[in-house]
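In what follows, chains are A, B, ... by sequence order, proteins preceding strands, each numbered from 1.
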Number of protein chains: 2
Amino acid sequence: MRNACSMTPQGLRERKKLRTRREIRDAAYRLFAEQGFEATRVDRIAAEANVSTSTFFRYFPTKEDLVLSEDTPARPLSVELAARPVDEPVLTAVRHAIHACVTVAEGEPGALERARHRMELIASVPSVRDRLHETMARPGDDLAESLAARIGRPVDSLETRVLLGAVLGAFREALLHWAGVEPEADARALADRTIDTLARHLSA
Amino acid sequence: MRNACSMTPQGLRERKKLRTRREIRDAAYRLFAEQGFEATRVDRIAAEANVSTSTFFRYFPTKEDLVLSEDTPARPLSVELAARPVDEPVLTAVRHAIHACVTVAEGEPGALERARHRMELIASVPSVRDRLHETMARPGDDLAESLAARIGRPVDSLETRVLLGAVLGAFREALLHWAGVEPEADARALADRTIDTLARHLSA
DNA sequence: TGCCAAATGATAGTGACTCCCAGAAGTGCG
DNA sequence: CGCACTTCTGGGAGTCACTATCATTTGGCA
């Protein structure tokens, strides 16, 4: 039904909704760049996007979701991770999966740049940063399932949750570091350093 | 100056402030138990505690801080961790530090029970859960310093941040699991399972 | 006792977000 | 094409956490 990758929606209604959503987000990012996140009021964004405030909240449940929700069709990491052989050690699988994600992102021009800019915004706004982990582990996301299968434990088990929490916690910090400290660094290199750090210090 | 462990404040003013703070929090927890977190309005809490709404916000900057801020004098984990030998592997040091924390908590009657009840509240309220990691790594907390020293890297380095993020992420999930799934489980055993999981799956 | 600093309370705001309802616009069917 | 049906939109009123300001009170201390 829905969620088919890179398939333009059929009806006029659907196309209009997508356009409105993009216009709202574009307007928001424009205003954020000018005056910052917190100084930009929601009704101002709505006006800039030529919709009413009510409509704004129909598209984005909270102001933070403007930054946190992604419309990129794929959830790359979970997909790439699921593609790795199950008998591979977790960190090895994650490493390769992330490399693959970066490669995919490099395919679309400006994608990495946009991702980093988005992370800078996230890093600089506390209320957004607080909710980052939600975005990293979406409800429908298969990341937990993939990890669970890899370690042979149920999805809701302590072990799976702990592992997911650790990996996401590590990469949350890596992303914030990327955005805030080393914006020019190579994404792949940072990912490798992240995983090396885990491998070196989290054993025995 | 301040922050001396278990030292009763001298002036009447200080004593009164502490009492007010406790009264507000007690009133809040009472109301939360009756009607839930979100259904309890701040002015209702203030009234129940016999203070004005203004005063409430002087004591707790946000409603969430009622649950998140702790008044326990020590920051046990960072202290216990700092007490471990620096050449000990990170996970070993963390394991012993947590065991020590649990032992300390068992000393004060009802402390573990209260901690678990608090975690249940945190786990059940999204807005509070989102800010849990703040509480786990306070600004003045030495956890980052302790880890940094242990791995021989600067506090703000990617490696230190990643390690801290991973450990806190893991234990965040462990705490939520404790509160939500296995409330009767032994805290020490859960901590061990958490660390074992990290050690087993986050290497190579 | 009397002065100063700090704590309190009341009031008026702000801004994100919700509810509700009436009208407009897209959709499917004859 | 035209007509019913559903969905989307705009507007207005309201809620609630939180802020700013100022007058009043209260504890600390010489």
Side-chain angles (χ1 to χ4, degrees), chain A residues 1-2 8-25 27-29 31-32 34-69 121 125-131 134, chain B residues 1-2 8-25 27-29 31-32 34-69 121 125-131 134:
Chain A
M1 294 265 173
R2 51 182 162 178
T8 317
Q10 50 293 48
L12 168 58
R13 212 170 232 163
E14 292 301 313
R15 248 178 297 133
K16 228 180 171 184
K17 276 210 305 199
L18 241 46
R19 195 168 62 89
T20 304
R21 191 176 170 86
R22 257 197 49 183
E23 279 174 355
I24 294 176
R25 212 201 299 265
Y29 271 80
L31 292 172
F32 291 164
E34 288 172 19
Q35 5 173 323
F37 181 87
E38 358 231 7
T40 308
R41 276 165 292 153
V42 167
D43 33 15
R44 184 78 184 72
I45 299 174
E48 185 86 4
N50 299 306
V51 295
S52 70
T53 311
S54 326
T55 300
F56 173 91
F57 283 110
R58 286 197 190 92
Y59 281 86
F60 298 94
T62 72
K63 191 180 169 186
E64 283 77 26
D65 283 307
L66 279 170
V67 185
L68 287 172
S69 78
L121 194 49
V125 182
S127 65
V128 178
R129 206 177 43 216
D130 285 345
R131 287 185 45 204
E134 283 181 36
Chain B
M1 293 264 174
R2 51 181 161 179
T8 317
Q10 50 292 52
L12 168 57
R13 211 169 234 167
E14 292 302 311
R15 246 179 299 132
K16 226 180 172 183
K17 275 210 305 198
L18 239 46
R19 195 168 61 91
T20 304
R21 191 176 171 86
R22 258 198 48 184
E23 278 174 355
I24 294 176
R25 211 200 301 264
Y29 270 80
L31 292 172
F32 292 163
E34 288 174 18
Q35 5 173 324
F37 181 87
E38 359 231 9
T40 306
R41 276 165 291 152
V42 167
D43 34 13
R44 185 79 183 70
I45 299 174
E48 186 85 5
N50 299 307
V51 294
S52 70
T53 312
S54 327
T55 300
F56 172 92
F57 284 109
R58 285 195 189 94
Y59 280 87
F60 298 95
T62 73
K63 192 180 169 185
E64 283 77 24
D65 284 307
L66 279 169
V67 186
L68 287 172
S69 77
L121 194 48
V125 182
S127 64
V128 178
R129 207 176 45 216
D130 285 346
R131 286 185 46 203
E134 284 181 36

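Side-chain polar atoms of B/T62 and B/D65 form a donor-acceptor pair below 3.5 angstrom. The closest side-chain donor-acceptor pair between B/R21 and B/S69 falls under 3.5 angstrom.
Within residues 43-54 of chain B, no residue has a heavy atom under 4.0 Å from DNA chain D.
Counting non-hydrogen atoms under 4.0 angstrom, B/Y59 reaches the backbone sugars and phosphates but no base. Here B/T40 lies in heavy-atom contact (under 4.0 Å) with sugar-phosphate atoms only. Among the protein residues, B/F60 comes within range of no part of the nucleic acid, since none of its heavy atoms lies under 4.0 Å from any strand.
Each of B/K17 and A/E38 lies near DNA chain C, and the nucleotide nearest B/K17 is the one positioned closer to the 5' end.
One interatomic measurement links the two molecules: CZ of A/R41 to P of C/dT14, which rounds to 9 Å at whole-angstrom precision. Put simply, CZ on A/R19 is 14 Å from C1' on D/dT9, counting in whole angstrom units. A/L18 places its CG atom 16 Å from the C1' atom of C/dG26, with the value rounded to the nearest Å. What separates CZ of B/F37 from P of D/dA17 is a distance of 9 Å, to the nearest Å. Rounded to whole angstrom, the span from the CZ atom of A/F56 across to the C1' atom of C/dG15 amounts to 12 Å. Rounded to an integer number of Å, the gap from CZ of A/F57 to P of D/dT15 is 17 Å.
A/N50 has its side chain out of reach of A/E23: every pair of non-hydrogen atoms, C-beta onward, lies at least 4.5 Å apart. Counting only heavy atoms from C-beta outward, the side chains of A/Y59 and A/V51 never approach each other to under 4.5 Å.
Between the side chain of A/R131 and the backbone N or O of A/L68, no donor-acceptor pair lies under 3.5 Å. With hydrogens and angles disregarded, a donor-acceptor distance shorter than 3.5 Å links the side chain of B/T20 to the backbone of B/K16. For B/K63 (side chain) and B/T40 (main-chain N/O), a donor-acceptor pair under 3.5 Å exists by modelled atom type.
The line from CZ of A/R44 to CG of A/L31 is 5.5 Å long, rounded to the nearest 0.5 Å. We find the OG1-CG distance between A/T53 and A/D43 to be 5.0 Å, quoted to the nearest 0.5 Å. With values rounded to the nearest 0.5 angstrom, B/F60 atom CZ is found 4.5 Å from B/R25 atom CZ. Taking CG of A/D130 as the reference point, atom CD of B/E134 lies at 4.5 Å (rounded to 0.5 Å).
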Each nucleotide N or O in nucleotides 27-30 of chain D that has a protein N or O under 3.5 Å away: list the pair and distance.
{"unit_1": "D/dG27", "atom_1": "OP1", "unit_2": "B/K16", "atom_2": "NZ", "d": "3.4"}
{"unit_1": "D/dG27", "atom_1": "O3'", "unit_2": "B/R13", "atom_2": "N", "d": "3.3"}
{"unit_1": "D/dG27", "atom_1": "N3", "unit_2": "B/R13", "atom_2": "NH2", "d": "3.4"}
{"unit_1": "D/dG28", "atom_1": "OP1", "unit_2": "B/L12", "atom_2": "N", "d": "2.6"}
{"unit_1": "D/dG28", "atom_1": "OP1", "unit_2": "B/R13", "atom_2": "N", "d": "3.0"}

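Axis angle, first five pairs versus last five pairs of the helix from C/dT1-D/dA30 to C/dG30-D/dC1: 20°, rounded to 10°.
Put simply, the side chain of A/R58 and the base of D/dG10 share a donor and an acceptor less than 3.5 Å apart.
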